[in-house]
Visitor: 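Below you will find the structure I want to go over with you.
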Amino acid sequence: MYRLLKQDGNAKRGELHTVHGVIQTPVFMNVGTVAAIKGAVSAEDLRQIGTQVELSNTYHLHVRPGDHIIRQLGGLHKFMDWDRPILTDSGGFQVFSLAKLRKIQEEGVYFNSHIDGKKIFMGPEESMRIQSNLGSTIAMAFDECPPSKAERGYVQKSVDRTVRWLERCKKEMKRLNGLPDTVNPHQMLFGINQGAIYEDIRIEQAKRIAQMDLDGYAVGGLAVGESHEEMYRILDVTVPHLPKEKPTYLMGVGTPANILEAVERGVDFFDCVYPSRNGRHGHVYTSHGKLNLFNAKYELDDRPIEEGCQCPTCRRHTRAYIRHLLKAKEMLGMRLCVLHNLYFYNHLMEEIRDAIDAGRYQEFKKRKLEGFEGK
RNA sequence: GGAUGGUUUCCCGAGUGGCCAAAGGGGACAGACUGUAAAUCUGCUGGCAACGCCUUCGGUGGUUCGAAUCCACCACCAUCCA
């Protein structure tokens, strides 16, 4: 159950009560696609850096190790030693990212496994069954994420199909939650808004799914090639048509600046691979912008990544040491960067919540953005 | 002391008369990445007043229209024989 605690402008401050605990929003979910945050980060680490929700992926866990394996081992929470909320993405993003390895039909999507080429069929029912086997806290509806520059005719067709798939997802989820041996009988379902950058398609689709009484609503298909301005414009026109007494999730976004802008427009759930992937690539976030620790200028820099940062990395290590580890290809270098970045994001969300609580979000956002731009 | 092989751009290493500022790899330097096919990928790596010029393939001298490539001597390295 979602509780809208406070609004500051359009910015929402809320709580999502789940069987795995309460999620304070706005929240950034930490992405661990294959039941692990890449960069040698454990569930124990997540507890120490303020992670509220871990995100894993239906397609990837179905391919390896297999959702039936995870189910037999007691579900995803037990499998990865994480007892707090988990959101599973439905496989819809893989329809986009693995476009060369799949074929879309009305009944669902035929993939060729990116691991061994094996044929995999995934439709709405299959995605729900896999997510039910995983026992995640929140399941995402199975959608198609069309590229931002897809032509209008195709987008309309795709969006209509995604809505039909959503109806099938809802029906199947209800059935699965009612079975006697379901891993998590209280699994929630979030629907997904699509429509590329066509405002009218987005709005019309948002109105349709808003009536379906889902546990939450996501905006998908953004940050897939369009400009930031286009993304904000789509949020401006779409979010008002999604129920504000339900969680609003902007999928796959984004940079700290993207998040600040989207919170202002009423979004309160986020996820993105940036902090983990950039961390592995030596790019770390600070309140004054991003640093590339591979750069020669950090060779003798004995400061932490960010002065005053309370993350496990900044408490003990210098930029020069981390740069050395990265250059030497030591796994610890990546790990320290990922831990810092996830802490940075989690902490940013905490500050965002405090700012909304205090009714000073506008001012807070302005100050943060100026910092990121080095002002 | 003798024999043989070798010395190439930051490193390893290809190149044995022109298509060579010189393959390939490494390293260095820089960039990209937004519901993760990503510990990945891309660019760049002699100098400059730069579609051209200059310097560079151990050193010096020579042959040739033309040399990293051929010849002579010298230096150094490696292995083997005394």
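First the proteins, then the strands, lettered A, B, ... as listed; each starts at 1.
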Visitor: Would you mind pulling out the nucleotide paired to G1(B), Watson-Crick or G-U wobble, both distances under 3.5 Å?
Guide: C81(B)

Visitor: Strictly by Watson-Crick or wobble contacts shorter than 3.5 Å, is anything paired with G61(B), and which nucleotide is it?
Guide: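 With both distances under 3.5 Å, G61(B) matches C71(B).
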
Visitor: Which whole-number value in Å describes the distance from L291(A) CG to A32(B) P?
Guide: 13 Å

Visitor: Can you tell me how far C1' in A21(B) sits from the matching atom in A67(B), rounded to whole Å?
Guide: 15 Å

Visitor: Using the C1' atom as the reference point in each nucleotide, state the distance between C41(B) and C54(B) in Å, no decimals.
Guide: 36 Å

Visitor: Could you check whether K366(A) pairs with E363(A) (Lys NZ or Arg NE/NH1/NH2 to Asp/Glu carboxylate O, under 4.0 Å)?
Guide: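 Salt bridge absent between K366(A) and E363(A).
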
Visitor: Establish, for the pair R102(A) and F111(A), whether the NZ or CZ atom is under 6.0 angstrom from the six-membered ring centre and no further than 45 degrees off its axis.
Guide: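 Judged by the rule, R102(A) and F111(A) form no cation-pi pair.
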
Visitor: Tell me which nucleotide, if any, is Watson-Crick or G-U wobble paired with U55(B) when both distances must be under 3.5 Å.
Guide: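 The answer is none; no pair meets the criterion.
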
Visitor: Using the P atom as the point on both nucleotides, what is the distance between G58(B) and G6(B), in whole Å?
Guide: 13 Å

Visitor: Can you tell me the distance, in whole Å, between the CG atom of N341(A) and the C1' atom of C33(B)?
Guide: 13 Å

Visitor: Using the C1' atoms only, state how far U60(B) lies from G26(B), rounded to an integer number of Å.
Guide: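 Those two atoms are separated by 34 Å.
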
Visitor: Does the pair K365(A)/E261(A) count as a salt bridge with the N-to-O cut at 4.0 Å?
Guide: yes

Visitor: Strictly by Watson-Crick or wobble contacts shorter than 3.5 Å, is anything paired with A39(B), and which nucleotide is it?
Guide: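 Pairing partner, where one exists within any strand: none, as none qualifies.
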
Visitor: Counting only Watson-Crick or G-U wobble pairs whose two distances fall under 3.5 Å, which nucleotide matches A23(B)?
Guide: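 Matched A23(B) with nothing under the 3.5 Å cut-off.
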
Visitor: Using the P atom as the point on both nucleotides, what is the distance between C20(B) and A68(B), in whole Å?
Guide: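 Those two atoms are separated by 13 Å.
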
Visitor: Using a 90° cut-off around 0 for syn, call C10(B) syn or anti.
Guide: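 Here C10(B) takes the anti form, which means its glycosidic angle is more than 90° from 0.
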
Visitor: If the P atom of G15(B) is compared with that of C33(B), how far apart are they to the nearest Å?
Guide: 41 Å

Visitor: Please determine if a side-chain N or O atom of N292(A) lies less than 4.0 Å away from the OP1 or OP2 oxygen of A30(B).
Guide: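 Negative; the distance criterion is not met.
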
Visitor: What's the verdict on side-chain hydrogen bond (donor to acceptor under 3.5 Å, both in side chains) for T33(A) and N57(A), showing C-alpha distance, side-chain angles and the deciding distance?
Guide: CA-CA 5 Å; T33(A) 303; N57(A) 183 277; 6.0 Å; no

Visitor: Can we say R208(A) and D160(A) salt-bridge, meaning some charged N sits less than 4.0 Å from an Asp/Glu carboxylate O?
Guide: yes

Visitor: If we count only N and O atoms by modelled type, under 3.5 Å, do the side chains of E54(A) and N30(A) hold a donor and an acceptor together?
Guide: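 No, because no side-chain N or O of E54(A) sits under 3.5 Å from a partner of the opposite role on N30(A).
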
Visitor: When you compare G46(B) with A38(B), how far apart are their P atoms, in angstrom units rounded to a whole number?
Guide: 34 Å

Visitor: So does K297(A) get a side-chain nitrogen or oxygen closer than 4.0 Å to the phosphate oxygens (OP1/OP2) of C29(B)?
Guide: no

Visitor: What string of B, S and - do you get for nucleotides 35-41 of chain B, 5' to 3', if B is base contact, S is sugar-phosphate-only contact and - is no contact with any protein heavy atom under 4.0 Å?
Guide: BBBBBB-

Visitor: Roughly how many Å is it from CG in L293(A) to P in C29(B), rounded to a whole number?
Guide: 13 Å

Visitor: Please name all residues satisfying side chain to side chain donor-acceptor pair (under 3.5 Å) with D143(A), sequence neighbours left out, ordered by chain then number.
Guide: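 Scan of D143(A) (side chain to side chain donor-acceptor pair (under 3.5 Å), adjacent residues dropped) gives Q194(A).
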
